[in-house]
S.K.: 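Before anything else, here's the structure in question.
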There are 2 protein chains.
Amino acid sequence: MAARHPTSYRPVTPVRDLLARSGARITPARETVLAILLEAPRALSHLEVEQAARQRGLTADRVTLYRVLDWLVGQGLAHRIEGQDRVRRFNAEAAVEHAHAHFHCTRCGQVFCLEQPLPRHKPQLPEGFRFEGMELTIRGLCPTCSTQT
Amino acid sequence: MAARHPTSYRPVTPVRDLLARSGARITPARETVLAILLEAPRALSHLEVEQAARQRGLTADRVTLYRVLDWLVGQGLAHRIEGQDRVRRFNAEAAVEHAHAHFHCTRCGQVFCLEQPLPRHKPQLPEGFRFEGMELTIRGLCPTCSTQT
DNA sequence: GACTATGATGCAACTCAATTGCATTTGTGG
DNA sequence: CCACAAATGCAATTGAGTTGCATCATAGTC
């Protein structure tokens, strides 16, 4: 997988810099996982992260990856998406405001980030409800699956 | 819990009628579960359905309830909502078009149906994606939880 | 460069919703 | 009332995610 902004005039912020900002420790697991998420074209499940990590030579426990992912979410470096299949997926959009919809393929289960932003305004809620955030998930078939009959 | 349209000029369609339309068998489990969903003010998890069913004197296996719920969804009699907590919740909106947002309380986990409809139009999708449906989930605190500090 | 405290990791066991296979029961059309 | 397809019950299983605790490694300090 290629880096995100190969032709950008501004260099990609190195993974270690992003991590360093948190003040917490920089560990191989955190470096690798964040790099994986940053380079992924779509949201990855824990399992996909684990496989990608192994390909990069990281031998980390399943639990460690869960904890790293949670930590990244806590740091605001990654975002967690609740899938239609009871599987959580993660992506990292270091620079991009995370306010877009997700597309969940009902056939292969992949989750894609869509470019179009969510409505800017907070939705009207009935009396007493407090808003924290919102998530728009579109179900359907991805390009690959929609052509396979 | 009261029936849905107490003042409507049109009588509420009896549960058995709704079931009969499917052409499939009418069983105690299906009757009870559908009645529970129709009368519930919010989406219910499998566990909540099970407890409600027991209160009504239905002694059905957990698995049966799972299967009944799936079947109701397949028949279009119920709708499945994917929670932020990896728990599926169900509601039945026999007459109402199901195109509204859901509110998920991040504290108590309850899911409420919001009145405001989703945007009518199908969202623009990148080339190749096929639209099937969408789900808008708003996270936050419900009235009860938002007052408990 | 070595030392150390604190926070990260590994391991094993566990939780919990949901699913599956198969034998048994039951609703319904004939 | 009968037969058969469909629904149910039961037990075992899956799979994502979590927890407790012992061990290890990072980053600041000397």
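Labels below follow one simple rule: chain letters A, B, ... track the order of the sequence lines, proteins then strands, and each chain is numbered from 1.
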S.K.: Roughly how many Å is it from CD in B/Q75 to C1' in D/dA6, rounded to a whole number?
M.R.: 13 Å
S.K.: Using a cut-off of 4.0 Å on non-hydrogen atoms, how would the nucleic acid contact of B/I26 be classed: base, sugar-phosphate, or nothing?
M.R.: sugar-phosphate
S.K.: With a cut-off of less than 4.0 Å, is there a side-chain N or O of B/R30 near OP1 or OP2 of D/dA7?
M.R.: yes
S.K.: How are the rings of A/F129 and B/F103 set to each other: parallel, tilted or perpendicular (split at 30° and 60°)?
M.R.: perpendicular
S.K.: If you define the side chain from C-beta out and look only at heavy atoms, does anything of B/L136 sit under 4.5 Å from A/E135?
M.R.: no
S.K.: Does C/dG27 have OP1 or OP2 under 4.0 Å away from a side-chain N or O of B/T27?
M.R.: no
S.K.: Can you tell me the distance, in whole Å, between the CG atom of B/D70 and the P atom of C/dA17?
M.R.: 16 Å
S.K.: Specify the separation, in whole Å, of atom CG of A/L72 and atom C1' of C/dT9.
M.R.: 15 Å
S.K.: Figure out the CG/C1' separation between B/L47 and C/dC16, and round it to whole Å.
M.R.: 10 Å
S.K.: If the threshold is 4.0 Å, N to carboxylate O, is there a salt bridge linking A/R80 and A/E82?
M.R.: yes
S.K.: Is there a donor-acceptor contact under 3.5 Å linking the side chains of A/T137 and A/Q84?
M.R.: no
S.K.: CZ of A/R80 versus P of D/dA16: gap in Å, rounded?
M.R.: 15 Å
S.K.: With a 3.5 Å cut-off and heavy atoms only, can you find an N or O donor on one side and an acceptor on the other between the side chain of B/R67 and the base of D/dG9?
M.R.: yes
S.K.: Considering heavy-atom distances to DNA chain D, does A/V63 or B/V63 have its closest nucleotide positioned more toward the 5' end?
M.R.: B/V63
S.K.: Can you tell me if B/R88 touches the phosphate of C/dT19, counting only side-chain N or O atoms and a distance under 4.0 Å to OP1 or OP2?
M.R.: yes
S.K.: How do B/P28 and B/H46 order along DNA chain C: which one's closest nucleotide is nearer the 5' end?
M.R.: B/H46
S.K.: Measure the acute angle between the ring planes of A/H102 and A/H79, then classify it against the limits of 30° and 60° as parallel, tilted or perpendicular.
M.R.: parallel
S.K.: What is the distance, rounded to the nearest whole Å, between atom CZ of A/R25 and atom P of C/dG7?
M.R.: 7 Å
S.K.: Give the rounded distance in Å between these two atoms: CZ of A/R62 and P of D/dG17.
M.R.: 9 Å
S.K.: Let me know the distance between CG of A/D61 and P of D/dT19, rounded to the nearest Å.
M.R.: 15 Å
